[in-house]
Amino acid sequence: METLLTVLSGLGWILVYEECIRLGFKQKTYAMPFFALGLNVAWEAVYTYSDFFLGEHGPLVGMTLVQSIANAAWLCLDVVILLTYFRFGRRWWPEGIDKKWFIPWSLLVLASCFALQLVFKKEFGTPMDAEYSAFLQNLLMSVLFISMFVRRGSMEGQSLLLAVSKWIGTLAPTILMGIIHYDALVLVTGALCSVFDLVYIGLLVTYRKKDKQAGLLR
């Protein structure tokens, strides 16, 4: 069961990242809220390095190996998503603010994300640092996807496949770490992720229905 849930989480997030890349290049946009993307890249970079080079989570065998490989795969995919952000993100830069600040602002956000992750790692220690920071930033991501949908007023850079994959990719480790290996913080944050993910899925379904009906009327 533990291996199944770990693999399900890994595949779910790989689908999320693949869909973000596909939509980003197809629609010339970025498909993951930038603060969430920055936190993701920081988390994956820090723990991929600590697993493969520092060995902080012990020998890379069994479940540890599966998770470490998933972290490395996620990092590679997130780097591509980051490229879509830098290539197409200026479209969504606030009006009235000179676009020359786009790069400095983006680099500041990334630096802040790495600083937060490293401090979190130092203060909580292995393995709670990885679990707690992952679920907290996942909750933030769930809210930010809703915010992005509302701000854009369309499904640009978004899809039901992405939304459902994110939900399942988070639900699996919530069951594993929050219920099977009971942890109250993981359980509560994971449950809240599901609430907001289901709200997001509902918004996309409603939008698609209205868009389809409007198309038929035209």
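If you read the sequence from its start, that first residue is 1, and numbering goes on from there. Everything quoted here is computed from the prediction, not taken from an experiment. Below, all heavy atoms of this structure are taken into account, side chains as well, without hydrogens, waters or symmetry copies.
For the atom pair Ser50 OG and Lys121 NZ, the distance stands at 5.0 Å (nearest 0.5 Å). Between atom CE of residue Met32 and atom CG of residue Leu162 there is a gap of 7.0 Å, rounded to the nearest 0.5 Å. Taken to the nearest 0.5 Å, the CG atom of Leu82 stands 5.5 Å off from the CG atom of Leu110. Atoms OG and CZ, from Ser106 and Phe34 in turn, are 4.5 Å apart once rounded to the nearest 0.5 Å. With values rounded to the nearest 0.5 angstrom, Leu77 atom CG is found 11.0 Å from Asn40 atom CG. Note that SG of Cys113 is 14.5 Å distant from CH2 of Trp43, once rounded to the nearest 0.5 Å.
Judged by distance alone, with hydrogens and angles left aside, the side-chain atoms of Thr48 form no donor-acceptor pair with the main-chain N or O of Ala45 at under 3.5 Å. The main-chain N or O of Val143 is never found under 3.5 Å from a side-chain atom of Ser147 such that the two would form a donor-acceptor pair. Thr29 contributes no side-chain N or O that, together with a main-chain N or O of Gly24, makes up a donor-acceptor pair within less than 3.5 Å. Not one N or O on the side chain of Gln117 forms a donor-acceptor pair closer than 3.5 Å with the backbone of Ala42.
Under the 4.5 Å side-chain heavy-atom criterion for ILVMFWY residues, a single connected hydrophobic cluster contains both Leu176 and Tyr132. By the rule that hydrophobic residues join a cluster once side-chain heavy atoms approach within less than 4.5 Å of another member, Leu116 and Leu140 end up as members of separate clusters. Under the 4.5 Å side-chain heavy-atom criterion for ILVMFWY residues, no single connected hydrophobic cluster contains both Val16 and Leu161. By the criterion of side-chain heavy atoms lying less than 4.5 angstrom apart, applied directly or through intervening Ile, Leu, Val, Met, Phe, Trp or Tyr residues, Val195 is not grouped with Phe145; the two fall into different hydrophobic clusters. No continuous path of ILVMFWY side-chain contacts below 4.5 Å connects Val119 to Phe124, so the two sit in separate hydrophobic clusters.
Across Thr174 and Ala191, no two heavy atoms sit closer than the pair CG2-N, 4.2 Å. Listed here is the closest heavy atom pair of Pro104 and Lys100: CD-O, 3.3 Å. Considering all non-hydrogen atoms of both residues, Ser165 and Gly12 come closest at CB-O, 3.5 Å. In terms of heavy atoms, Leu118 sits closest to Val46 at CD2-CG2, 3.9 Å. Pairing each heavy atom of Leu171 with each of Ser194, the nearest pair is CD1-OG, 3.8 Å. Considering every non-hydrogen atom in both Leu23 and Ala31, the closest pair reads CB-CB, 4.4 Å.
Side-chain contact between Met141 and Cys193 is absent, with no heavy-atom pair separated by less than 4.5 Å. A 4.5 Å side-chain heavy-atom check between Tyr207 and Ser154 finds at least one atom pair inside the cut-off. Side-chain contact between Thr84 and Ile81 is present, with heavy atoms from C-beta onward closer than 4.5 Å. Considering only heavy atoms from C-beta on, Met1 comes within 4.5 Å of Leu5 through its side chain. Taking 4.5 Å as the limit, some side-chain heavy atom of Tyr47 sits within range of a side-chain heavy atom of Asp129. No side-chain heavy atom of Trp13 sits under 4.5 Å from any side-chain heavy atom of Asn71. Two residues are said to be in side-chain contact when any heavy atoms from C-beta on lie closer than 4.5 Å; Trp105 and Ile97 fail this criterion. Counting only heavy atoms from C-beta outward, the side chains of Trp74 and Val79 never approach each other to under 4.5 Å.
For Trp93, the CH2 atom is densely surrounded, since the number of other residues' heavy atoms within 6.0 Å is greater than 12. For Arg208, the CZ atom counts as loosely surrounded, since its 6.0 Å shell holds 12 or fewer non-hydrogen atoms of other residues, nucleotides or ligands. For CH2 of Trp167, the number of neighbouring non-hydrogen atoms (other residues, nucleotides, ligands) closer than 6.0 Å is 12 at most. Atom CZ of Arg87 has 12 or fewer neighbouring heavy atoms from other residues, nucleotides or ligands inside a 6.0 Å radius.
The salt bridge (charged side-chain N to carboxylate O under 4.0 Å, His left out) check on Glu156 picks up Arg91, with sequence neighbours excluded. For Asp197, the salt bridge (charged side-chain N to carboxylate O under 4.0 Å, His left out) partners at least two apart in sequence or on another chain are Lys166.
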Please report the C-alpha distance between Phe120 and Leu136 in whole Å, then the side-chain angles of each, then the deciding distance to 0.1 Å, and finally whether the side-chain contact (heavy atoms from CB on, under 4.5 Å) criterion is met.
CA-CA 11 Å; Phe120 211 99; Leu136 287 170; 3.9 Å; yes
Trace of the side-chain contact (heavy atoms from CB on, under 4.5 Å) decision for Asp183 with Met128
CA-CA 10 Å; Asp183 186 298; Met128 295 297 98; 4.0 Å; yes
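In this structure, Phe88 has its ring center at least 6.0 angstrom away from the ring center of Tyr30. Aromatic pair Phe196/Tyr200: centroids not less than 6.0 angstrom apart.
Tested against Tyr85, the residues Phe102, Trp92, Phe25 include a single ring-ring contact (aromatic ring centres under 6.0 Å, His included) partner, Phe102. Checked options Val199, Leu203, Val205, Leu204; the residue passing with Ile201 is Val205 (criterion: side-chain contact (heavy atoms from CB on, under 4.5 Å)).
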